[in-house]
Enquirer: 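Mind having a look at this structure? Questions to follow.
Indexing begins at 1, ligand by ligand and atom by atom, following the structure's order.
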Amino acid sequence: MAKKKFKTEVSQLLNLLIHSLYSHSEIFLRELISNSSDALDKLKYLTLTDDSLKSLDFIPRINIRIDGVGENTLVIEDNGIGMNEQELADSLGTIARSDTKNFMEKLTGDARKDSNLIGRFGVGFYSCFMVADTVEVISKKAGEDAAWKWTSDGNSGYKVEAAERESQGTTVILNLNDAGKEYDSQWQVKSIIKKYSDHIAFPIHLFWSETTGSDDEKKTEEKDEQVNAASALWKRPKSELKDEDYNEFYKTISHDSDDPMHRIHVQAEGTLEYTTLFFIPKTAPMDMFQADYKPGVKLYVKRVFITDDDKELLPVYLRFVRGVIDSEDLPLNVSREILQQNRVMAKIREASVKKLLSEFKKLSENDEKYAEFIEQYNRPLKEGMYSDWTHKDDLINLVRYRSTAVEGWTSLEAYKDRMPEDQKVIYYLAGENEAALRKSPLLGAYKEKGYEVLIMADEIDEIVTPMIGPFKELELKAINRSGALDDLKTDDDKKKEKDAKPVLKKIKKVLGEAVKEVVASARLADAPSCLVSDDGDPSAQMRQMLQAMGQKDIPEATFILEVNPDHPVVKGLADASDDDLVEDVANLLFEQALLVEGVALKDPVAFASRLNRVTTKAF
Ligand code: ADP
């Protein structure tokens, strides 16, 4: 049969692995055992649900043979679901996982050398080429008659041909290379299995031969030993489990080579019996913001694997959580449709969300640790504030913001505690760039009053914040909305506003339809003018964001121009009678406010001429 070429990304990955993960080459065994375990999970499920496979005589196991088919070979064998001809080519000739694919595309330069990064992307099956010159995979799919053999040297490509295999399952034969020689020792292999795969729920048997006696009376004996504990880790008593056990388990289910940030193990008994073991990764999964993200929670029923591809097991905003849910009360043949309406599942889900949120709350008691969590997961939690109304009150206490009053992060509760007595609402300014927001002229008046303003620079803040309602009866008010300042006004301000009417009229006459309104503003401490959006209109930043997203038909900007009657420029304008000068200065007040908001001017040439005319007059 003709040899087939690997898809480009496979060659790239292989190359990368060989050059960057060498010092961790032993992980190949973890990857192969984990594949076997998945294959056994899948078949076990089918023998319980698929009529044609119910009669199958199936005692799941994984066998590892040292020198099983000649010197310097290592064989990993399972009696799981197996692969047919097409599946061998699809699974082992391409990289199916979209996150790995994306990752490969992004990876350039020095990042390629970072083995930690690479470890996060499920190197999977291909890692065996770190220790083998050639690899053979002989497989027979459960329920089919033909067996197939996939062979490759991990360089140019692979071939698939007909083969023999007695029953269903997969045998991986590694012809060890120089670097892989150390893996033909039973001690070495045993210790790696213990280290990485002790928690695998199926028995792993190690086979090796031992030669004893002198030259004349040499005796070779076949030895066999079960190496792992073979019980589902999450079902073992918590008191028996060490941090390392949990961490290794996390690594096999998450494809992350780092230890997790946090874990939550619940063994619930009573009316509803279930176990959940959740992990929070140290670094947010790469695909967290992709629509086709891979869910991280596996569902088991009485230790039988059901699915790892259900996005409904937890709410979408908790998609960064990794782990397992194992229920004693769900039927084994539970289908996806049934799952979604199932009462038991709904209860487990609700209890899980509650537990996760309460654990996050506990985390928040340690500022330093919580900052690490927030750096990764603030944004999905903010999504939760509008998508999960039932837990909004918990979530609102978990999210954090930047602020004009403190370094680092603040909660709304802490903001509330800092509020002076006369302050009645929570003020915020949302946009896309923290540094720019901090320079906004709108902040001046609040600073003068001693009012703190939250700086919200997450993309979704502008959409989410207006929707979450009050926090402990305190309204959240965007300071770039007209009217936001009304509550800051003193009698003195009101008088000033009244006195400013003529100059406001003068400016509006010049600007015409370019602005909706010109109003006096008490909030501008240093600047002569600024722009605000009318309530209900998209703000300047939001408009640009919509434009960048390719949105058409965004309503024309209808800004309100606020001017500072105390500023010398505005005072000068009030007294000026030279029509040309009035026109220039009024336009400049508007244009500089546009520039401060980061909005491009429609006619920069006219702006420059105006600026030059006015400046010339200063000499
Ligand atoms: P991953 O396990 O992350 O999907 P791998 O590269 O390790 O990535 O494996 C690719 C695919 O090959 C698996 O998803 C599975 O479909 C198939 N596969 C690998 N090993 C086995 C096995 N022992 N039995 C059945 N299928 C397997």
Enquirer: Cation over ring, Arg379 on Tyr317, under 6.0 Å and within 45°?
Expert: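 Verdict for Tyr317: no cation-pi partner in Arg379.
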
Enquirer: Which of the atoms in ligand 1, numbered in the order shown and given with their element, are less than 4.0 Å from a heavy-atom of Phe125?
Expert: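 Within the 4.0 Å cut-off of Phe125, ligand 1 contributes 5 (P), 6 (O), 7 (O).
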
Enquirer: Regarding ligand 1, does Asp78 bring an N or O atom to under 3.5 Å of one of the ligand's N or O atoms?
Expert: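 Among all N and O atoms of Asp78, at least one is under 3.5 Å from an N or O of ligand 1.
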
Enquirer: Please confirm whether Arg319 makes a cation-pi placement over Tyr293, using NZ or CZ under 6.0 Å from the six-membered ring centre and within 45° of the ring normal.
Expert: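 That pair qualifies as a cation-pi contact.
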
Enquirer: Regarding His391 and Asp388, is there a side-chain donor-to-acceptor distance under 3.5 Å anywhere?
Expert: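 Side-chain D/A pair, His391 to Asp388: present.
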
Enquirer: Taking the six-membered ring of Phe279 (Phe, Tyr or Trp), confirm whether the NZ or CZ of Arg263 is under 6.0 Å from its centre and within 45° of its axis.
Expert: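 Output no; distance or angle outside limits.
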
Enquirer: Give the atom numbers and elements of ligand 1 that come within less than 4.0 Å of a heavy atom of Ala39.
Expert: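 Matching atoms, with element in brackets: 24 (N), 25 (C).
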
Enquirer: Out of curiosity, is Met83 lining ligand 1, as in a heavy atom under 4.0 Å away?
Expert: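 Right, Met83 reaches ligand 1.
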
Enquirer: Counting heavy atoms only, which of Ser37, Ser36, Gly80, Ser91 is nearest atom 16 (O) of ligand 1?
Expert: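 The residue whose heavy atom sits nearest atom 16 (O) of ligand 1 is Ser91.
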
Enquirer: Does Lys42, backbone or side chain, put an N or O under 3.5 Å from an N or O of ligand 1?
Expert: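 Lys42 vs ligand 1: no N/O contact under 3.5 Å.
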
Enquirer: Looking at Phe202, does the NZ or CZ of Arg61 lie under 6.0 angstrom from its six-membered ring centre and within 45 degrees of the ring axis?
Expert: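 No - Arg61 does not lie over the ring of Phe202 by the 6.0 Å and 45° rule.
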
